[in-house]
Amino acid sequence: MLSLLLAVLLLSPAAAAPAPGPAADLLLTHGKVWTADPAKPRAEAVAVRDGRVVFVGSDAEAVRWKGGTTRVIDLGGRLVTPGFEDAHMHLMSGARNLERLDLTDETTLAGLQQRIRRFAEANPRSPWVVGRGWVYGSFPGGLPTREQLDAVVPDRPAYMDGYDGHTGWANSKALALAGITRETKDPVNGVIVRDPKTGEPTGALKEAAGSLVEDLVPEPDAERHYALLLKALGTLNRDGITAVQDAGWTKEEAARFLPLLERARKEGKLTVRARLTVDIAPGDPAPGIAEAVRLRKLYPDGPIVFGGVKGYVDGVVEAHTAAMLAPYSDDPSLGAGTPRWEDGALRDAVAAADREGLQVWLHAIGDRGIRMALDAYEAAAKANGPRDRRHRVEHVEAVSAADVPRFGALGVVAAMQPLHANPDQNNADVWAKNVGPERESRGFAWRLVEKEGGRIAFGSDWPVVTPDVFRGMYCAVARKTREGTPAGGWQPQLAVSVESALRHYTVDAAFAGFAEKERGSIAVGQRADLVVLSRDVLSVPPDEILKTRALLTLFGGKTVWRDPSF
């Protein structure tokens, strides 16, 4: 009888082998764990010790990791995923814009003017009225005018950046301060939009022309910007985001912003892992490459990493500045857009950065711009020999059918932002009309890239659009607005599955940042960056994704966000 009892005890879960080492600091149990690890795709429990995952498996097995000081969280059947990673954003710009007027989700001129007027009235002592987020479809003809802004802010300079950051809207006071008149020449890679009859500036400033005004807007001092950074980190954590990849700093921005990130790290307040890049300019990319090499030596790993350079091949479809292979469909007289680089210069710059072992990010939206980027990457690989490059094309909005397979073949990451494809009036009335039906059929072609073996990393481009992962995921899966339009989805053949979307926000995004061995999946040895969701997005109808929120966000096993209801 005694021997039988001993045998039962040995076989029972409670008598499982002891944990190999100290007990866990944290134990998550009774959950649905989506690991993004093909070796063990599903589990019930996760154990964390010293900031890393030490166990992934069943509740029965997890018991052996429990000690006297182990914190245990019963998940009650909720879904756990790796912490989300935003593979393309502008962290410090997002932080700064938290105190500016937010014009996103407003789609009428009257609505924009009302918001701007109220903001100006609420901030009477501010020397400037500054905001961002308007969409092209809000204006007759697709572009704003100074008179429309003068009507609500006549007494101070006002400047509103477009949602994509590629077109600015200035009032008469701001134009005067910048010295922009009918005689002012267009800057390199910029266009001062002018009245075709009078030649006077209309108030719309495309691409680099926006800097003529924006550079005059007062920046927050270091202390204020630090407070905004902490607020931004909290916003990201509430969305379940634990890592970001920043799309380009100038040398001056690095000098201004790195001390703020360092301060947050030293104070234990840096609650996302940040991979950063340095801008390279078409005229002279060498200084940017040298700065990236210098910063990579200082920040090779850890929560702050430098590893790449970022360049702009073209502009955006809405402003007719994206480089296309054929003229724009809405008005062929406007041409096909002009790349910011000559082909040879781009190839030389990419090859030079590649020789230094840097990852290259190229903003390319039009089909010609995308082809130029892929051609440059292919040429660099031939010139410099094989290595693990993971170069990237950012945005990939209107890709040629012939170039879709090249992402997989060349090992180039397609870094894309689902909410850029939000099928609102801006996309329907401006983007789609500008490219025409044939190119529209491959607009934001996530599914095509997947099918051809390419790897996609999802992000937001914040502050261009919200960093809300659930809104992005819904758009990726449904190709609809939050209101559910259009009924069948916009170009639904290009949608991806929920599981694919999750991968693109986790393990694929980590891969794009050379970090898949540290994060992006829930596996033994990985950083314990985890998020508990209020809904099982893998099993609910797509509309339910919009109602999902992060209940608990863990960063290195520590709670950085917990919903009061959980």
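These values consider heavy atoms only, across backbone and side chains, with no hydrogens, waters or symmetry-generated copies. One-based numbering along the sequence shown.
- Aromatic ring orientation, Phe306 versus Tyr299: tilted (interplanar angle from 30° to 60°).
- Distance check, rounded to the nearest 0.5 Å: CG of Leu175 to CG of Leu205 gives 6.0 Å.
- Within the model, atoms CE of Met324 and CZ of Arg371 stand 11.5 Å from one another, a figure rounded to the nearest 0.5 Å.
- Partners of Glu99 under the salt bridge (charged side-chain N to carboxylate O under 4.0 Å, His left out) rule, at least two apart in sequence or in another chain, are Arg224.
- Residue pairs satisfying the side chain to side chain donor-acceptor pair (under 3.5 Å) criterion with at least one member in residues 466-479, sequence neighbours excluded, are listed as follows: Tyr474-Asp543.
- With no hydrogens or angles considered, no side-chain donor-acceptor pair links Arg447 and Gln491 at under 3.5 Å.
- Remark: Tyr136 pairs with Trp134 by the ring pair (Phe, Tyr, Trp, His ring centres under 6.0 Å) rule, at least two apart or across chains.
- For Lys173 and Asp150, the salt-bridge test fails: no basic side-chain N is under 4.0 Å from an acidic carboxylate O.
- With sequence neighbours excluded, no residue forms a salt bridge (charged side-chain N to carboxylate O under 4.0 Å, His left out) with Glu440.
- No side-chain donor from either of Gln359 and His391 sits under 3.5 Å from a side-chain acceptor of the other.
- If you check the side chains of Glu394 and His363, you find no donor sitting under 3.5 Å from an acceptor.
- Remark: Arg442 does not engage Asp403 in a salt bridge, criterion side-chain N to carboxylate O under 4.0 Å.
- Aromatic rings from Phe257 and His225 are positioned such that their centres are separated by under 6.0 Å.
- With contacts defined as side-chain heavy-atom distances shorter than 4.5 Å, the pair Arg455/Phe407 does not qualify.
- Every residue was checked against the side chain to side chain donor-acceptor pair (under 3.5 Å) condition with Arg296, not counting sequence neighbours, and none meets it.
- Here Phe470 pairs with Phe84 under the ring pair (Phe, Tyr, Trp, His ring centres under 6.0 Å) rule; sequence neighbours left out.
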